[in-house]
Trainee: 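Have a look at this one before I ask anything.
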Number of protein chains: 2
Amino acid sequence: MPQRTRKPGPSKIRSAAFQRIRADHSSELAEDYVELIADLIDEKGEARGSDVAMRLGVANATVVKTMKRLQDAGLVTQEPYRSIFLTGEGWKMAEDGRRKHKIVEGFLLALGVPEETARIDSEGIEHHVSEATLRAMARFLARKVM
Amino acid sequence: MPQRTRKPGPSKIRSAAFQRIRADHSSELAEDYVELIADLIDEKGEARGSDVAMRLGVANATVVKTMKRLQDAGLVTQEPYRSIFLTGEGWKMAEDGRRKHKIVEGFLLALGVPEETARIDSEGIEHHVSEATLRAMARFLARKVM
DNA sequence: CGGAAAGTTTAGCATTGGCTAAACCTATTG
DNA sequence: CAATAGGTTTAGCCAATGCTAAACTTTCCG
Ligand SMILES: [Mn+2]
Ligand SMILES: [Mn+2]
Ligand SMILES: [Mn+2]
Ligand SMILES: [Mn+2]
């Protein structure tokens, strides 16, 4: 066998983390969209594509395109020129996102992170915390309160 | 003015978080690559593209393509068929990545997150924590030790 | 030294997620 | 009730990340 022999090694195991991250990223956008749509529905009674675009800081056309993907994924429903609705599946994901988001943001605040920073950081962190980590954060919050 | 009037509102402010996330994502890959390359150099004396690919759980061809981008960005250096080197800039980014990574992972462990989970979650979280949050984590660690 | 095995790069393709400009509806209002 | 202002979608473009299969180098061994 020519060339430096490289044992299979624990690289496969190590790569699991990166694979999880890539998976997280592909669901991240969907999570933020449905959570935001849920917020808009609760706040103003309906979610317009342009409101979503504005809150995300993204062009209108980008939202339209993403909606098609989310529709194919069974998370939202929309007729052309009408506002956006969440499917049951979509609501479930939105609720779960809110739950995680709340824990992470509350946790950062309890840790002493400034409000604005906690709001911003939690928006990114929420997508990369496993249930075990969420539990640890919740535990910390509970201890703090007591 | 036709149609429902929509006030400019605080949406612009709210969108800042999402814009930060999009920015984080575009630097995230570069950070993981250079940190990994630095680890390989320290561990085995050199970083081969195929080792990078294996650790990331990605195809060889993907690494080759990414290396071109990192080279254009002034982070790495490579001759065809040879191993990869970091530029000064690359080392700086790698060191900074390690620093953040260590704080986040250590913090999760101190919080009571299982080892394996801490390793995996920190790989994603590290890219979304601001300096203020890192400081809060470091503070927590220091308090724990005392 | 001269293959062939093994490692590396190229070619070509797909998807995601952005953007701008142009075309297209809808709804307000004169 | 029709014109039009203004919101929405299409069209077409681009960059980043992946992949597989084929081409190409290197390296080791007989
Ligand atoms: Mn969220
Ligand atoms: Mn988010
Ligand atoms: Mn890292
Ligand atoms: Mn990472």
Side-chain angles (χ1 to χ4, degrees), chain A residues 1-9 11 15 18-34 36-37 40 44 46-73 75-76 78-84 124 127, chain B residues 1-9 11 15 18-33 36-37 40 44 46-73 75-76 78-84 127:
Chain A
M1 76 199 67
Q3 227 137 262
R4 174 170 15 353
T5 313
R6 215 181 314 292
K7 62 172 174 357
S11 301
S15 71
F18 294 107
Q19 281 164 336
R20 233 278 308 274
I21 287 181
R22 286 195 293 275
D24 288 346
H25 281 162
S26 55
S27 44
E28 186 162 349
L29 198 88
E31 283 171 25
D32 282 339
Y33 266 84
V34 296
L36 179 46
I37 290 164
L40 285 168
K44 349 180 108 182
E46 67 169 353
R48 320 266 347 180
S50 52
D51 288 331
V52 174
M54 188 164 304
R55 291 245 184 134
L56 289 177
V58 126
N60 244 304
T62 300
V63 171
V64 174
K65 202 181 280 192
T66 304
M67 279 311 146
K68 258 167 217 140
R69 285 203 309 278
L70 295 187
Q71 209 154 2
D72 289 348
L75 294 169
V76 309
Q78 188 186 23
E79 301 298 317
Y81 297 97
R82 317 318 291 278
S83 60
I84 302 159
H127 309 282
Chain B
M1 78 201 63
Q3 226 138 250
R4 173 171 18 346
T5 313
R6 214 180 316 291
K7 61 171 176 359
S11 302
S15 70
F18 294 107
Q19 282 165 335
R20 233 278 308 273
I21 287 182
R22 288 195 294 277
D24 287 345
H25 281 163
S26 55
S27 45
E28 185 163 348
L29 197 89
E31 282 170 25
D32 282 338
Y33 266 84
L36 179 46
I37 291 164
L40 286 168
K44 348 180 108 182
E46 68 169 352
R48 320 268 343 182
S50 53
D51 289 331
V52 173
M54 187 165 304
R55 292 245 183 133
L56 290 176
V58 125
N60 242 304
T62 301
V63 171
V64 173
K65 204 181 279 192
T66 304
M67 278 312 146
K68 258 167 216 141
R69 284 203 309 278
L70 296 187
Q71 208 155 4
D72 289 349
L75 295 169
V76 308
Q78 188 185 24
E79 300 298 316
Y81 297 97
R82 319 317 291 278
S83 60
I84 303 160
H127 308 282

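Here is the naming used below: chain letters follow the sequence lines, and residue numbers restart at 1 for every chain.
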Trainee: From the list D/dT8, C/dG18, D/dT10, which nucleotide is the closest neighbour of the side chain of A/S50?
Mentor: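 Out of D/dT8, C/dG18, D/dT10, the nucleotide with an atom closest to A/S50's side chain is D/dT8.
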
Trainee: Measure CG/A/D72 against P/C/dT15 and give the value in whole Å, please.
Mentor: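 To the nearest whole Å, that distance equals 12 Å.
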
Trainee: In whole angstroms, how far is the P atom of D/dT17 from the CG atom of A/D24?
Mentor: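 In whole Å, D/dT17 P and A/D24 CG are 16 Å from each other.
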
Trainee: Specify the separation, in whole Å, of atom CD1 of B/I84 and atom P of C/dG7.
Mentor: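 For the pair B/I84 CD1 and C/dG7 P, the rounded distance is 16 Å.
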
Trainee: Counting side-chain heavy atoms from C-beta on, which of C/dG17, D/dC24, D/dT9 comes nearest to A/L29?
Mentor: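 In terms of side-chain proximity for A/L29, the closest of C/dG17, D/dC24, D/dT9 is C/dG17.
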
Trainee: Which is it for A/H127 and A/D32 under the side chain to side chain contact (heavy atoms under 4.5 Å, CB included) test, yes or no, and what are the steps along the way?
Mentor: CA-CA 9 Å; A/H127 309 282; A/D32 282 339; 3.0 Å; yes

Trainee: Figure out the NZ/C1' separation between A/K68 and D/dT10, and round it to whole Å.
Mentor: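 Answer to the nearest Å: 7 Å.
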
Trainee: Between C/dT15 atom C1' and A/H25 atom NE2, what is the distance in whole Å?
Mentor: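 Taking atom C1' of C/dT15 as the reference, NE2 of A/H25 is at 16 Å.
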
Trainee: Of the nucleotides D/dT17, C/dG7, C/dC19, which one has an atom closest to the side chain of B/K65?
Mentor: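 When the side chain of B/K65 is considered, D/dT17 is the closest of D/dT17, C/dG7, C/dC19.
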
Trainee: Would you mind reading off the distance between B/E46 atom CD and D/dT26 atom C1', rounded to a whole angstrom?
Mentor: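 From B/E46 CD to D/dT26 C1': 13 Å.
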
Trainee: So if I take every side-chain heavy atom of A/Y81 and compare against C/dT20, D/dC19, C/dC24, which nucleotide ends up nearest?
Mentor: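 Nearest nucleotide to the side chain: C/dC24.
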
Trainee: Verify the contact: side-chain N or O of B/T62 to OP1 or OP2 of D/dC19, cut-off strictly under 4.0 Å; return yes or no.
Mentor: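 Indeed, a polar side-chain atom of B/T62 lies that close.
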
Trainee: Starting at the 5' end of DNA chain C and moving along, which residue's nearest nucleotide shows up first, A/A30 or A/N60?
Mentor: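 It is A/A30 whose nearest nucleotide is closer to the 5' end.
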
Trainee: Just checking B/R69: base, sugar-phosphate only, or nothing, at a heavy-atom cut-off of under 4.0 Å?
Mentor: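 The residue B/R69 makes base contact.
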
Trainee: Would you indicate whether the side-chain heavy atoms of A/S50 and A/N60 approach each other to under 4.5 Å?
Mentor: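 Of all side-chain heavy-atom pairs linking A/S50 with A/N60, at least one is under 4.5 Å.
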
Trainee: Find which nucleotide of DNA chain C each of A/R82 and B/P80 is nearest to by heavy atoms, and output the residue with the more 5' nucleotide.
Mentor: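 That would be B/P80.
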
Trainee: Using the side-chain heavy atoms of A/A61, tell me which of these nucleotides is nearest: D/dA21, D/dA11, C/dC25.
Mentor: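 Side chain of A/A61 sits closest to D/dA11.
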
Trainee: Assign A/Q78 to base, sugar-phosphate, or nothing according to its heavy-atom contacts below 4.0 angstrom with the strands shown.
Mentor: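 Sugar-phosphate contact only - A/Q78 comes under 4.0 Å of backbone atoms but never of a base.
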
Trainee: From CZ of A/R22 over to C1' of C/dA14, roughly how many Å is that when rounded to an integer?
Mentor: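 In whole Å, C/dA14 C1' and A/R22 CZ are 16 Å from each other.
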
Trainee: Does C/dG7 have its OP1 or OP2 closer than 4.0 Å to a side-chain nitrogen or oxygen of B/R48?
Mentor: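 So the side-chain polar atoms of B/R48 never come under 4.0 Å of the phosphate oxygens OP1 or OP2 of C/dG7.
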
Trainee: Between B/Q78 (side chain only) and B/R82 (backbone N and O only), is there a donor and an acceptor less than 3.5 Å apart?
Mentor: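 Present.
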
Trainee: Between B/V58 and A/R22, is any pair of side-chain heavy atoms under 4.5 Å apart?
Mentor: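 Contact flag for B/V58/A/R22 side chains = yes.
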
Trainee: To the nearest Å, how far apart are B/L56 CG and D/dG18 C1'?
Mentor: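 Value for this atom pair: 12 Å.
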
Trainee: State, yes or no, whether a side-chain contact exists between B/I21 and A/E28 at a heavy-atom distance under 4.5 Å.
Mentor: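 Sidechains of A/E28 and B/I21: in contact.
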
